[in-house]
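Residue numbers begin at 1 in each chain, while the letters A, B, ... track the order of the sequences.
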There are 2 protein chains.
Amino acid sequence: MTETIDITKSNAASQFILYWGDMGNQWGVNRSVAQIHALLYLSAKPLNAEQIAVALGIARSNVSNSLKELVSWRLIRRVPVPGDRREHYEAEVDVWEMGIRIAQGRKEREIDPATQALRACVAQAETESGLDPVALQRMQDMQDFLATADTWFRDMLTVPRPKLVMLMKMGTKVVSLLNFTGGKKSG
Amino acid sequence: MTETIDITKSNAASQFILYWGDMGNQWGVNRSVAQIHALLYLSAKPLNAEQIAVALGIARSNVSNSLKELVSWRLIRRVPVPGDRREHYEAEVDVWEMGIRIAQGRKEREIDPATQALRACVAQAETESGLDPVALQRMQDMQDFLATADTWFRDMLTVPRPKLVMLMKMGTKVVSLLNFTGGKKSG
DNA sequence: CTGTTATTTCCGTTGTAAGAGAAATTAGAT
DNA sequence: ATCTAATTTCTCTTACAACGGAAATAACAG
């Protein structure tokens, strides 16, 4: 049996897992899910469900469900370990990739349904005579905004990671550069 | 008494409020808060707590607390109505401003505490000898990422709204332009 | 100062989601 | 094919957050 360093033995690591779990709570993902994610993120090698359950002291079934959710967010993936029948899991360790996947997951779960619902509302509103024109206008504004944000987000996903990183690190520089280039292109 | 058009009489409007409330649920804000926000967003004129309670059929105390939360998010504001003793509230109606405030609120509530907690963890981890170096590295990566994201976000907040809108509407164009301008930057 | 109305705080009830453990199902070995 | 081990599904309990209503406080008019 291979000797894995048990990271839950470390204070810092268990603190990290605790905090992460707590934070996950705020984020709408439940504690177990966030804790498992933290554990896998810190782990140097893939872990199986049993190991996770033991390490975190949570029920095996809970681990099963949580893993499924993490996979659906694409924050972890199954990896086959040769000579072992059990499923093993490892986390996405590239933090940028991770950030993007969380953003993507949240958008799919939170923004997209809203956009769709709103479309129906506006359609309905346009046929109605009784509705205050101000209200109609506001709904349309909202719809436009969501559409723009959606397009922007899709666009950003197509940008290769290194460029995205560069872009973010530039911060406001981007704006001033574009001012120059796009705005008053006086050589 | 001034005649307000009762928007809750409209199907589209009440649908909107319903959806919005439901969506708020997904977002971690409770239904009442989201519904009140939707109502105020559609309303052409400021409403007082009583009107809101009646329109949505929720308890007066609930309205009070929800309004407080919405104010803390800066999604609505108190407005004095001359000749009326009651507090009135109106929503921020600029969708971009609204989007920014929500993003800001979530960052403050979700990201910032995490960043802080993480700092403590890493500090602890660096003093520890027992910790797997891989784990330490991962914590540091995470910290770097959060720091970068934080700086980027602050930067974006300083950008004047119209420019921000322009920037988003450009989408990937930004990247290609910068490839040209920034990529070959010497010095 | 007192009565009245608006607002907030407190507390009890209810609804919803997390998590544990048992039971059932699936996959793999011999 | 049968036995064993891993995983998932199901159900029950528990914990927490939302909400309503009552009580308390604050703001204002006369």
Does a salt bridge link [X] with [Y], judged by any charged N lying under 4.0 Å from a carboxylate O?
X      : Y      : result
B:R106 : A:E110 : yes
A:E50  : A:R86  : no
A:E92  : A:R101 : yes

Self-check item: ring-ring contact (aromatic ring centres under 6.0 Å, His included) contacts in which one or both residues fall within residues 102-132 of chain B, not counting sequence neighbours
Solution: none
Practice problem: Can you tell me which residue pairs pass the ring-ring contact (aromatic ring centres under 6.0 Å, His included) test with a partner in residues 94-152 of chain A, sequence neighbours excluded? | Solution: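 ring-ring contact (aromatic ring centres under 6.0 Å, His included) check on residues 94-152 of chain A returns A:W96-B:F145, A:F145-B:W96.
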Practice problem: Could you list the residues that satisfy side chain to side chain donor-acceptor pair (under 3.5 Å) with A:R74, not counting sequence neighbours? | Solution: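 Applying side chain to side chain donor-acceptor pair (under 3.5 Å) to A:R74 gives none.
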Rounded to the Å, how far apart are [X] [atom1] and [N] [atom2]?
X     : N      : atom1 : atom2 : result
B:N30 : C:dG15 : CG    : P     : 16 Å
B:I52 : D:dC19 : CD1   : P     : 15 Å
B:W27 : D:dA18 : CH2   : P     : 17 Å
B:E87 : C:dT8  : CD    : P     : 7 Å

Self-check item: Touch class at under 4.0 angstrom, heavy-atom based, for B:E50 against every strand present
Solution: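 No contact.
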Exercise. Name all residues meeting the salt bridge (Lys or Arg N to Asp or Glu O under 4.0 Å) criterion together with B:K107; count only those two or more places apart in sequence or in a different chain, and write none if there are none.
Key: B:D112, B:D150
Practice problem: Within residues 65-73 of chain A, find the residues that approach DNA chain D with a heavy atom at under 4.0 Å, and present them sorted by residue number. | Solution: A:N65, A:K68
Quiz item: Should B:L42 and B:F16 be marked as a side chain to side chain contact (heavy atoms under 4.5 Å, CB included) after you check the CA-CA gap, both sets of side-chain angles, and the distance that decides it?
Solution: CA-CA 9 Å; B:L42 291 187; B:F16 179 83; 3.5 Å; yes
Exercise. With the side chain of A:S64 defined as its heavy atoms from C-beta on, choose the nearest nucleotide among D:dA6, C:dT8, D:dT8.
Key: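 Of the candidates, D:dT8 comes closest.
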Quiz item: Just by protein heavy atoms under 4.0 Å, how would nucleotides 21-30 of chain D read 5' to 3' in B, S and -?
Solution: BB----BS--
Quiz item: Looking at B:R31, does any N or O in its side chain come under 4.0 Å of the phosphate oxygens OP1/OP2 on D:dC19?
Solution: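 For D:dC19, OP1/OP2 do have a side-chain N/O of B:R31 under 4.0 Å.
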